[in-house]
Amino acid sequence: MPRGGQTRISIVINGDRVEVPAGITVAAALFNVGVSALRTSVTGEPRGAVCAMGVCFECRVTIDSRPHQRACLTPVVDGMHIQTASIS
Amino acid sequence: MSQRPDAVVIGAGIVGAACAEALSRAGRRVLILDASFAGGSTTAAGMGHLVAMDDSPAQLALTAYSGKLWAELVHELPKNIEYEPCGTLWVAEDEEQLDLVVAKQRTYSDFGIEAETLSPTQLADAEPHLRPGLAGALRVPGDGVIYPPNAALALVQRAIKNGAELREGTRVDAIGAREVLIGHERISCDCVINAGGAEAAQLTPGLPIVPRKGHLVITDRYPGFCHHQLVELGYLTSAHTMNAESVAFNVQPRATGQLLIGSSRELVGWDGTVNRAIVRKMLDRALDFMPGLALTSAIRTWTGFRPATPDKLPLIGEWEDTAGLWIAAGHEGLGITTSLGTGQLIADLIVGVTPAIDPMPFAPSRVHSTAGVH
Amino acid sequence: MTGLRVDSFPEIVAADVAVIGAGPGGIAAAVSAAERGLRVVVVDRGLEAGGQIWRRKAGAAAAPEAQPWLTRLADSSARTINGASVVDVRPDAGGFEILVESSGRPLRIWAADIVLATGARELFIPFDGWTLPGVMGIGGTQALLKSGASFAGKRVVIAGSGPLMLPVAASLADAGAKLLLVAEQAGRAAVARFASGLWKTPGLLLQAAKYRVRFLSARYATGTWVTAAQGGDRLESISITDGHHTWREDLDVLCTGYGLIPNVEIARLIGCEIRDGAIAVDNRQRTNVNHVLAVGEATGIGGAPLSLIEGSIAGSTVGSVETASGHLSRRRASLVEAADRMLEVFAPRAELRSLPHADTIVCRCEDVTYGAIQGAACARQAKLYTRVGMGPCQGRTCMPSLDFLLAWQADTVRPPVEPALVSVLSSEVADEAASLFPLTSSVGEAYQ
C-alpha cells in the first residue's frame with residue numbers, strides 16, 4: 001500500500017462499490033459513507049462503533065464472508081467486501 | 001427457617017435443587033443451604049446436555065427416566081433456561097464404530113428411546129460442517145441442551161413456591177444425626193440430603209467422590225453452524241476409563257448461536273487453572289471432526305470439576321452411618337440430565353413411595369461391599 | 001540464543017524483552033532496552049505504533065511530539081509486530097511464552113522479561129439511549145477521527161469527564177465539526193481548583209489554553225452532564241442537565257466518557273497485583289511478578305509525558321541491576337502528583353449513579369438491562385443468571401461501570417485474553433522448535 005494516504009481504493013459495502021482513501025479503517029470508511037448500524041444486537045438494536053480501539057466489540061462486521069471482524073482495527077483493502085448488520 | 005425443617009438439602013446445584021423441588025412437592029418443609037449461590041458451582045461449569053447414555057443398564061435407566069421428567073417439565077420453566085431440543089448425534093469414524101452405533105440403536109430402542117442410524121450421506125445432510133469420510137452416526141432426537149444455572153435457579157424457585165427456604169452464602173460445617181451444624185447454629189430436622197457434588201465427601205468422609213476436571217471453550221455466535229449436539233463414540237471410553245487424562249469430541253449448539261466445545265477429563269485434585277496443552281488437544285480433536293471450527297472465534301475458556309465415582313454411577317439413597325442422612329451426589333458428567341430423576345428418587349425413598357426405577361444400583365451402601373463401588 | 005535456528009520457524013520470535021503495547025510507554029521502554037543491546041519485540045493491536053494518543057491513519061504524519069519517538073523506535077533494533085492481539089501469556093522454562101494472533105495466524109514470542117504497556121480504555125456509564133449509533137466514547141471519537149473518519153459539518157456534543165475532552169474538542173473543531181457544547185460533569189469550583197493548581201505544571205496550563213482557543217465558538221459548561229439520548233435507529237437528540245434544569249440538543253454525534261481506566265487484564269492473567277484498578281509497580285516499574293514490569297496508563301492514569309518517563313525507567317531496569325536515574329524519578333514524581341490531583345477533581349459525581357434505569361442496557365454484548373442484574377449479590381452471580389459480561393468483550397465495557405454503580409468486581413481472567421481463532425488456540429509449536437527451550441537470556445544471569 002503506497003504511503004501518503006492520498007491513494008483511493010475501491011471497496012464494496014453491502015453490495016455497493018465505493019471509493020475510499022487508502023490507509024483508513026473500515027469503521028472510518030463506514031462512518032464516512034453514512035452507514036450508522038454496523039451490527040445488530042442480540043435483541044435487534046442497531047449498533048455502531050463506540051470505543052474505536054478494539055475493546056467494546058460493537059463495531060463487528062462481516063468482511064469477505066468472515067463474521068465478527070472489528071471494523072475499528074481493520075484497514076481497508078482494495079476489493080474488500082463488507083457486510084454490516086448481518087449477524088449479531 | 002422459623003419452623004423446624006423436615007429436610008435440609010445441602011447444595012443448591014442442579015441435583016440439590018431437584019431434590020428440594022421434589023421433596024417440597026411431596027409436602028415436606030425443605031431448607032436449602034448453599035455455600036455461595038444456587039447453580040454456581042459445577043452446575044455452572046458444565047455443558048448442560050440432556051442426554052440418554054448407556055455406559056451401563058442402570059445409567060441408561062436413570063438417564064431415560066430423567067429425560068422423560070425433563071420433557072414433561074421443560075415447558076413450565078422460564079425461557080432463560082434456554083432449552084434447545086437439538087438431539088444428539090453419536091458420530092462413528094469407521095466401520096468398527098458403526099457396529100457400535102448399530103448396537104447402541106438397538107439398546108436405546110429396546111428401552112423406548114427413539115434412535116435412528118444415519119448413513120454417511122444422511123449425516124452430511126444433517127451436519128454439513130462435519131468432515132467428509134465419517135462412517136455414519138446414531139441420531140437421538142429426544143436429547144437436548146439447557147443452560148444449567150438458570151435451570152437450577154428455576155427448580156429452587158419452584159421449591160420456594162411450595163414453602164421451601166433458601167439460604168445462600170451458608171457453608172455447612174458438619175452433618176450430625178438428623179441435624180446440620182453451621183458455626184454455633186444447630187439445625188435439627190428429620191433428614192439431611194448431602195447434594196454437595198464434587199465436595200460431598202468433605203461433609204461425609206467415606207463417599208468415594210473425587211473431582212474430575214474438565215475444560216470447555218465457547219465461541220462467538222455462529223447460528224446455523226451446527227444443529228445437533230455432536231459426540232464421538234470415544235466419549236464413552238473417556239468418561240468410563242478413570243485414567244489420568246483424556247479428551248473426546250463434543251460440540252453443542254447453544255440457543256444463542258454460540259458453539260460450546262468440549263470435552264476433557266483429568267484427575268488433578270482441585271487445580272482449576274486452564275491447562276493450555278489439554279485445551280489444544282481438545283480443540284485439535286474437535287477440528288478432526290469439524291475443520292470449519294478453525295475459523296470460529298473462541299471468546300472464553302473455563303474449567304469445572306465433575307463429581308466422579310469409581311463405578312460411574314451416582315450415590316442416591318440412605319447413608320446408614322448417620323441417622324437421617326441421604327446422599328444425592330457423584331453424577332460425573334450427567335448431573336444435569338439425571339438431576340430430576342435423582343430428585344424424584346430421593347423424594348420417593350424418603351416419603352416411602354416405590355420409585356419408578358430400581359434404586360439399588362445407586363445405593364450408597366454399595367460402597368461398603370466388595371462387589372460395590374470400585 | 002541461537003537466532004538462526006529460531007528464525008527458521010516463522011511462527012516463533014525469541015527475545016530478551018517483550019513489550020506489550022506500542023503507545024508512548026511501550027515505545028520508550030522498547031527503545032531504551034534496545035539501545036542497551038537487548039533483543040526487544042513489541043506487540044501492538046494497532047496498525048502502527050503510537051497507541052491511542054499518537055494514533056493516525058496508515059501512512060499519515062505523526063504529531064510533532066510523537067515523531068522523534070517513532071523515529072527512534074524505527075531506527076532501533078526493536079522489532080514491532082502490528083495488528084497483533086495478545087491471546088495468552090504463560091511462564092515457561094525460565095521465561096514467558098506469549099501467544100499472539102496476527103492476521104489470523106498464531107505467533108509465539110518467547111521472552112525472558114515482559115514490559116506491560118497495555119494503556120487504558122474509557123469508563124462508560126450507561127444511560128437511556130446510549131446504545132444508539134452516534135453515541136461514542138471521547139477517546140473513541142478521537143480514535144475514529146485519527147483513523148480517517150470525517151466529522152466535517154457534524155453537530156457534536158462532548159459530555160463527560162476529564163481533560164481528555166479538551167484535545168478531542170480541539171481536533172474535532174479543526175476537522176470542521178460543528179461543536180455545540182463541551183460539558184464537564186465536575187463542578188465549576190472543582191475545575192477552577194484544578195486550573196489554579198496547574199501553575200505547578202505550567203506546560204499543562206499552556207496546553208489547556210492552546211486547546212481551548214481552537215474551539216472558542218463552542219459553549220463550555222461545568223457541572224453539566226447528559227442524562228439520556230433519543231433517536232430511532234441512530235442518535236437524534238440528547239437530554240442534558242446542570243442539576244437544576246434539563247434541556248434538549250439536536251445533534252449527530254455525542255462523545256461521552258467518564259475518564260480512563262487501566263487495561264489490567266493481561267496483568268491479572270499473569271498474576272500481577274492490582275491496586276486501585278491499576279498494575280502495582282515499584283519505583284523501577286517492577287510488578288510483584290519476577291521479570292514482569294509495567295509502565296504508562298496501565299499503572300495509573302497520568303498522560304503521555306509520564307508514560308514516556310516510566311517507559312524509559314523500565315527500559316533501563318529490565319534485565320539489569322541498575323537503579324533508575326535520580327533525575328527521571330523527580331520528574332516522574334511531579335507528574336504523578338499532577339495526575340492524582342486530576343483524578344480527584346474529575347471523579348464522576350454521585351448523581352451519575354442514577355443515570356441507568358431498570359430498562360437501560362448495561363451489557364451491550366448481551367443486551368442485559370440494569371433491572372435484570374440488580375437482584376444478584378455479586379458480579380459472578382449476575383453473570384451466570386443474566387449473561388452480563390459473557391460476550392466477546394468479556395466485561396471490559398460493563399464491569400467497570402458496574403464497579404462504579406454497585407462496587408462489583410470483575411470475574412477471573414483466563415485465556416484467551418481477547419477472542420482468538422480456534423486455529424490459533426489449538427496451534428502447537430513444532431517439536432524441533434520446542435526443543436530450543438529452556439530459553440536463556442543474554443543477560444538473564446545478571447539478576448535473580
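Labels below follow one simple rule: chain letters A, B, ... track the order of the sequence lines, proteins then strands, and each chain is numbered from 1.
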Of the backbone (N, CA, C, O) and the side chain (C-beta and beyond), which part of [X] lies under 4.5 Å from a heavy atom of chain A, both, or neither?
X: C/V368; value: neither
X: C/R234; value: side chain
X: C/T256; value: neither
X: C/L145; value: neither
X: C/L421; value: side chain
X: C/Q52; value: side chain
X: C/S147; value: both
X: C/L47; value: side chain

Any chance you could measure [X], atom [atom1], to [Y], atom [atom2], to the nearest 0.5 Å?
X: C/M136; Y: A/C72; atom1: CE; atom2: SG; result: 11.5 Å
X: A/E58; Y: C/R364; atom1: CD; atom2: CZ; result: 4.0 Å
X: C/K146; Y: A/T25; atom1: NZ; atom2: OG1; result: 13.5 Å
X: C/R45; Y: A/M53; atom1: CZ; atom2: CE; result: 9.0 Å
X: A/C59; Y: C/L144; atom1: SG; atom2: CG; result: 9.5 Å

So do the side chains of [X] and [Y] get within less than 4.5 Å of each other, counting heavy atoms only?
X: A/T43; Y: C/E366; result: no
X: C/P133; Y: A/P46; result: yes
X: C/K57; Y: A/P21; result: no
X: C/Q394; Y: A/F57; result: no
X: C/I361; Y: A/E45; result: yes

Does any N or O in the side chain of A/N32 come within less than 3.5 Å of the main-chain N or O of C/G148, such that one atom is a donor and the other an acceptor? yes
One pair to check against side-chain hydrogen bond (donor to acceptor under 3.5 Å, both in side chains): A/S41 and C/D367. What are the steps and the verdict? CA-CA 7 Å; A/S41 80; C/D367 285 7; 2.6 Å; yes
With a 4.5 Å cut-off on heavy-atom pairs, point out which of C/G119, C/G140, C/G134, C/G139 contacts chain A the most. C/G140
Tell me, out of C/G83, C/C398, C/P392, C/G137, who's got the most heavy-atom pairs with chain A below 4.5 Å. C/P392
Taking all non-hydrogen atoms of both residues into account, name the closest pair between C/A149 and A/A28 and its distance. N-CB, 3.4 Å
For a quick test of reading the model, state the closest non-hydrogen atom pair linking A/C51 to C/A143 and the distance between them. O-CB, 4.5 Å
Could you tell me which of A/T74, A/I24, A/L30 has the largest number of non-hydrogen atom pairs under 4.5 Å with chain C? A/I24
Salt bridge C/E418-A/R70, side-chain N to carboxylate O under 4.0 Å: yes
